[in-house]
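One structure is given below, encoded as structure tokens.
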Amino acid sequence: MILQTRDLHAYYGKSHVLHGVDLCAEQGEIVSLLGRNGVGRSTTCKAIMGLIPSKGEVIYKGRDIAGMQTHDIARLGVGYVPEDRAIFPGLTVRENLILGLKAGAVKIDETIEEMYHIFPNLAQRSATAAGVLSGGEQQMLTICRTLMGKPDFVMIDEPTEGLAPRVVAQISEILKAIADRGVTILLVEQKLSISMKISDRVYVMGRGQIVFEGKPEELMASPKIRQEWLEV
Ligand SMILES: Nc1ncnc2c1ncn2[C@@H]1O[C@H](COP(=O)(O)OP(=O)(O)OP(=O)(O)O)[C@@H](O)[C@H]1O
Ligand SMILES: [Mg+2]
């Protein structure tokens with residue numbers, strides 16, 4: 001088990017948003033966290049990352065990281081790609097990637113070459129200002145930048161939102177390639193499509209709690225769960 005949350009609660013001021021979230025991920029797994037708008041998927045990522053106050057346990061590689069500072073959590077190997085694609089538009093693709101490196105990183109050119117292997121679109125755009133990239137390329141850039149920090153576990157929040165089906169397919173392939181290298185992925189999604197194709201397991205969240213856990217095919221075989229917690 002690389003990551004496990006136990007009875008995780010989280011708060012925005014007085015508003016209690018997560019009500020005891022239990023989830024886990026094994027090394028190299030792609031685990032999806034599904035749910036409708038506002039159920040607490042992004043909040044789960046923020047709580048794991050130490051960005052908001054929480055209660056409960058977050059066990060990462062056998063150690064409780066709950067309550068630690070975000071930069072220390074990142075240094076331990078937890079990566080986070082938030083919903084907003086916060087790239088630096090005036091910097092080139094390569095410069096944006098360099099910003100994802102950890103302090104003291106070595107073999108920088110090698111790391112970038114390795115990443116360009118997984119992200120051929122970015123390789124072609126290396127010297128281009130990030131601001132002129134397409135939406136899909138910007139999403140790839142934010143994922144790639146997080147990977148520059150060499151995380152072992154990465155949370156990716158709605159990477160396919162607003163993207164064309166062809167680009168969604170490209171991102172699916174990229175996520176599989178990342179997982180094949182042993183990186184564990186917690187994929188936050190709203191739509192079933194990509195998660196059903198690439199996940200080893202899925203969680204469905206409803207009102208700040210996990211309401212279903214199983215394999216993609218088990219979710220496909222549970223129309224009641226889908227109606228109650230996913231379909232709009
Ligand atoms: N910064 C914030 N301050 C106060 N409440 C917040 C804040 N961010 C989120 N919330 C509330 O917490 C709840 C969970 O939000 P969260 O962002 O985790 O939802 P989500 O499942 O990621 O869905 P979506 O991304 O579609 O909004 C929602 O009711 C939301 O309004
Ligand atoms: Mg969200």
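Just follow the structure's listing: the first ligand is 1, and inside any ligand the first atom is 1. Please read these numbers as outputs of a predicted model, since none were measured by experiment. One-based numbering along the sequence shown.
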Write out the protein residues near ligand 1, meaning a non-hydrogen atom under 4.0 Å from one of its atoms, in order of chain and number. Tyr12, Val17, Arg36, Asn37, Gly38, Val39, Gly40, Arg41, Ser42, Thr43, Glu83, Glu158

Could you tell me whether the Mg ion (ligand 2) has an N, O or S atom of Ser42 under 2.8 Å away? yes

Taking the six-membered ring for Trp, are His9 and His19 parallel (under 30°), tilted (30 to 60°) or perpendicular (over 60°)? perpendicular

Donor-acceptor contact below 3.5 Å, side chain Arg36 vs main chain Glu231: yes

Under the 3.5 angstrom rule, does the side chain of Asp64 hit a backbone N or O of Ala66 as a donor-acceptor pair? yes

Non-hydrogen side-chain atoms of Leu33 and Met155 separated by less than 4.5 Å: no

Strictly by modelled atom types, are Gln139 and Thr142 linked by a side-chain donor-acceptor pair under 3.5 Å? yes

Salt bridge (Lys or Arg N to Asp or Glu O under 4.0 Å) involving Lys191 - partner list, sequence neighbours excluded: none

